[in-house]
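So the structure is just underneath, and the comments pick up after that.
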Protein chains: 2
Amino acid sequence: MAENNRRITIKEIAKKAGVSIATVSRALNDRPGISLETKERIQRIITRSGYRPSMFARNMRSQQSKMIGVIVSNAANDFFKDVTRAIQDQATKYDFTVLIINSDEDPVKERQAIKILRNYDVSGFIIASTDETIDYPSLVGNTPTVFFDRAPKSEIAQFDTVLVNNEFGAKLAVEELIRQGASKVGIVVSGVQTSGQERLKGYKQALKEYQLPINDKLIYTSDVQQLKAMDYVRDLLVNQKCDALFAGDNTLLMVVLEEIKLLNRTDIKVATFDNITWFNYFKQPVISVKQPTTTIGHETVDALINRMKNPQLPPKVRRLSVQLIRRS
Amino acid sequence: MAENNRRITIKEIAKKAGVSIATVSRALNDRPGISLETKERIQRIITRSGYRPSMFARNMRSQQSKMIGVIVSNAANDFFKDVTRAIQDQATKYDFTVLIINSDEDPVKERQAIKILRNYDVSGFIIASTDETIDYPSLVGNTPTVFFDRAPKSEIAQFDTVLVNNEFGAKLAVEELIRQGASKVGIVVSGVQTSGQERLKGYKQALKEYQLPINDKLIYTSDVQQLKAMDYVRDLLVNQKCDALFAGDNTLLMVVLEEIKLLNRTDIKVATFDNITWFNYFKQPVISVKQPTTTIGHETVDALINRMKNPQLPPKVRRLSVQLIRRS
DNA sequence: GTGAAAGCGCTAACAG
DNA sequence: CTGTTAGCGCTTTCAC
């Protein structure tokens, strides 16, 4: 049955069925204004002929695609990989296809990505922002947009956003470190992003709660590329003599673990944001704050779909809750 | 500058510039047959007006998109995540955008994915096959297609394929287990895929090399969903009293590690395919065979681009080499 | 209930 | 060197 190569068009279907292309279109899209009889006859022909609708033609007419543009800031990060996957799964449920571009923590690339995706008339954006100074409203135009993980502060009020409770999560983790006996807790977080800053707040709160001093020398906010992260961690371990470290995300955790391994230390307690299954098998126990990656992915898609349907709704910020995974 | 929302078309640009749309098109695509003067003038107007080309219109005319359809069989697997990422990066270099669908080890979903992507007129496919019985030639039609990691055996001759040296890699890993003192090595591999079978061969070779008996009771080929993998592993550890295990990929490795942890064993040597950075921090040392994920991704894209340019070239199978990562 | 025809934005002949 | 025009495949009024 069917040809594999050349595209067969509704025109040809129409000819075969002895009807007009308008009628075929109606049958194709289950539109009213067509008798059940002809509809079924045409649909039979369509199936048998191996007809494939041209998304281009369809989208061109309707001026909007069934595609969602996703921009992740760091495709190397397991957190983003997991969320991306969830986004894809959820999008598929709504018959959307996903176009993903990795901005690599580079604002220039991110802007570029938005432009490219707009050229494809994506009907929505899901973005993990790289740089809060980007002028999103002008870039995305009136394309529905949802942010996750990182949202430019000023935009929180303007766009739908899916975040987790960073502050609370970090607080829980650091408290657990203290409960396990730590008295001098160092921290390395990403300085640029909202989430990093919020996690830092949580860290401070935990210390305050346990009446430990907040020492600026124990706090390192790393640049995005984390070039100096190794030096920071080493300083915390060697010079500052920390007995516990909190890493702001799993890229930073890797640096921490590497240093601990190099220094051959076994007396350090470690906590981090983002849980990864492999943590279960680590030599160095890692307390972690598990983000609901699947839920995050699903929620971003839901929020987007919702906004497409109701463009007038006020932007909504969702804070999902996190879960502490104790290990010792 | 520029409007953000409504799409501004070449027609409007043409009007502004006082030329015809054909001329605008020429300026847009750097085509000959236009004076440098008008070209530059038009390009200025284009930039200033914030014009965004409609990919749909463009692709519709040219009957081919600048999109590559990628189908991965298991998005949860780190190996695929890494390759996917590399594919995206490389595709971007050629100005291609990537449409990814996860088949979830489900042949039905995979067929579906191919259809969807064809509707988008992707100009090429990159596929990690889920089921060798799928009739790819009829599904992909004349769309250039490259397979990686898994290729339906019968198709190797028909499609470009990027594989690694599975057999050799597994042999190296198992030999290392033996060299480290193992005398009874069990194996769990995925039964369905080419790669799993090849790795099993490598395992047998290693045993032969070291004159160890090949015992069928120590060999488990797991189903795709790996439902029984836990039972298999437990049997190998408890009943068969293996002192070493080889896991065919990192999903299976996780099962192995989980069992070892549950049984609280410290006398087992473990090897696996696919290296993950986190392995460095494991309590249980894991010998691993590192696949060049980045290269795999790049090569698949290169092969695809190459085939688009030269459709007549005979299909080529590339075998990339792997690297043994010793840990003990 | 069905068909004719316009047109989405663009490219590529073909004229001039 | 530039403009006119015909579609690419489809949806959608508007007639009938």
Side-chain angles (χ1 to χ4, degrees), chain A residues 3 5-43 45-46 49-67 115-116 118-123 141, chain B residues 3 5-43 45-46 49-67 115-116 118-123 141:
Chain A
E3 333 218 344
N5 299 332
R6 205 180 44 77
R7 158 157 263 134
I8 143 164
T9 71
I10 52 167
K11 203 167 163 185
E12 303 173 54
I13 303 275
K15 193 178 287 176
K16 266 182 205 153
V19 294
S20 75
I21 59 165
T23 307
V24 176
S25 178
R26 281 188 268 260
L28 215 46
N29 301 294
D30 255 324
R31 288 240 187 304
I34 178 173
S35 74
L36 189 64
E37 199 182 5
T38 39
K39 187 190 337 200
E40 284 180 343
R41 188 165 54 85
I42 293 173
Q43 282 174 341
I45 298 181
I46 286 174
S49 66
Y51 166 80
R52 291 174 289 118
S54 159
M55 289 312 200
F56 286 141
R58 182 173 286 178
N59 295 337
M60 185 158 154
R61 272 283 348 202
S62 49
Q63 295 293 354
Q64 53 119 23
S65 73
K66 293 281 269 181
M67 298 197 287
K115 280 183 195 158
I116 292 174
R118 276 198 91 187
N119 292 348
Y120 277 98
D121 288 281
V122 292
S123 41
Chain B
E3 334 218 343
N5 301 332
R6 204 179 43 77
R7 158 157 264 134
I8 143 166
T9 70
I10 52 168
K11 204 167 162 186
E12 303 173 54
I13 302 275
K15 193 178 287 176
K16 266 185 205 151
V19 295
S20 74
I21 57 164
T23 307
V24 175
S25 177
R26 280 188 270 259
L28 215 47
N29 301 294
D30 255 325
R31 287 235 189 305
I34 179 173
S35 75
L36 190 64
E37 199 182 4
T38 39
K39 187 191 333 201
E40 285 181 344
R41 187 164 55 86
I42 293 173
Q43 282 174 342
I45 297 181
I46 287 174
S49 65
Y51 166 81
R52 291 174 290 118
S54 159
M55 288 312 200
F56 287 141
R58 182 174 285 178
N59 295 338
M60 185 158 154
R61 269 282 354 193
S62 51
Q63 296 291 351
Q64 53 120 22
S65 73
K66 291 282 269 180
M67 297 198 286
K115 281 183 193 156
I116 293 173
R118 277 198 90 187
N119 292 348
Y120 278 98
D121 289 281
V122 291
S123 41

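A, B, ... follow the sequence lines: proteins, then strands. Residue 1 opens every chain. Just the heavy atoms: all of them, side chains too, but no hydrogens, waters or symmetry mates, feed the values below.
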**Request:** Anything under 4.0 Å to a heavy atom of chain B counts; send over the first and last such nucleotide of DNA chain C, read 5' to 3'.
**Result:** C:dG9 to C:dA12
**Prompt:** Which is true for B:I10 with a 4.0 Å heavy-atom rule: it touches a base, it touches only sugar-phosphate, or it touches nothing?
**Reply:** base
**Message:** Using a strict heavy-atom distance below 4.0 Å, which residues from residues 55-63 of chain A are in contact with DNA chain D?
**Reply:** A:A57, A:R58, A:R61
**Message:** Just to verify, what does B:N119 make a side-chain hydrogen bond (donor to acceptor under 3.5 Å, both in side chains) with, not counting sequence neighbours?
**Reply:** none
**B:E12: partners by side-chain hydrogen bond (donor to acceptor under 3.5 Å, both in side chains), with sequence neighbours left out** = B:R6
**Request:** Give me the bend of the helix from C:dG1-D:dC16 to C:dG16-D:dC1, using the axes of the five pairs at each end, rounded to 10°.
**Result:** 40°
**Asked** What residues, two or more places apart in sequence or in another chain, satisfy ring-ring contact (aromatic ring centres under 6.0 Å, His included) together with A:F56?
**Response** B:F56
**Request:** Go through the structure and list residues passing side-chain contact (heavy atoms from CB on, under 4.5 Å) with A:S123, not counting sequence neighbours.
**Result:** A:Q64, A:S65, A:F96, A:M308
**Fill in**
The correct set of residues in residues 22-32 of chain B placing a heavy atom under 4.0 Å from DNA chain C is B:A22, B:S25, B:N29, B:R31
**Prompt:** So which heavy atom on B:K66 is nearest to which on B:N59, and how close?
**Reply:** N-OD1, 4.1 Å
**Message:** Test of understanding: with side-chain contact (heavy atoms from CB on, under 4.5 Å), list the residues that count as partners of A:K16, not counting sequence neighbours.
**Reply:** A:I8, A:I45, A:S49
**Partner residues of A:I21 under the side-chain contact (heavy atoms from CB on, under 4.5 Å) criterion, sequence neighbours left out** = A:I10, A:K11, A:A14
**Message:** With a strict under 4.0 Å distance from non-hydrogen atoms of chain A, what nucleotide opens and what nucleotide closes the contacted stretch of DNA chain D, reading 5' to 3'?
**Reply:** D:dG9 to D:dT12
**Request:** Sequence neighbours left out, what pairs pass salt bridge (charged side-chain N to carboxylate O under 4.0 Å, His left out) with at least one residue falling in residues 32-41 of chain B?
**Result:** B:D30-B:K39
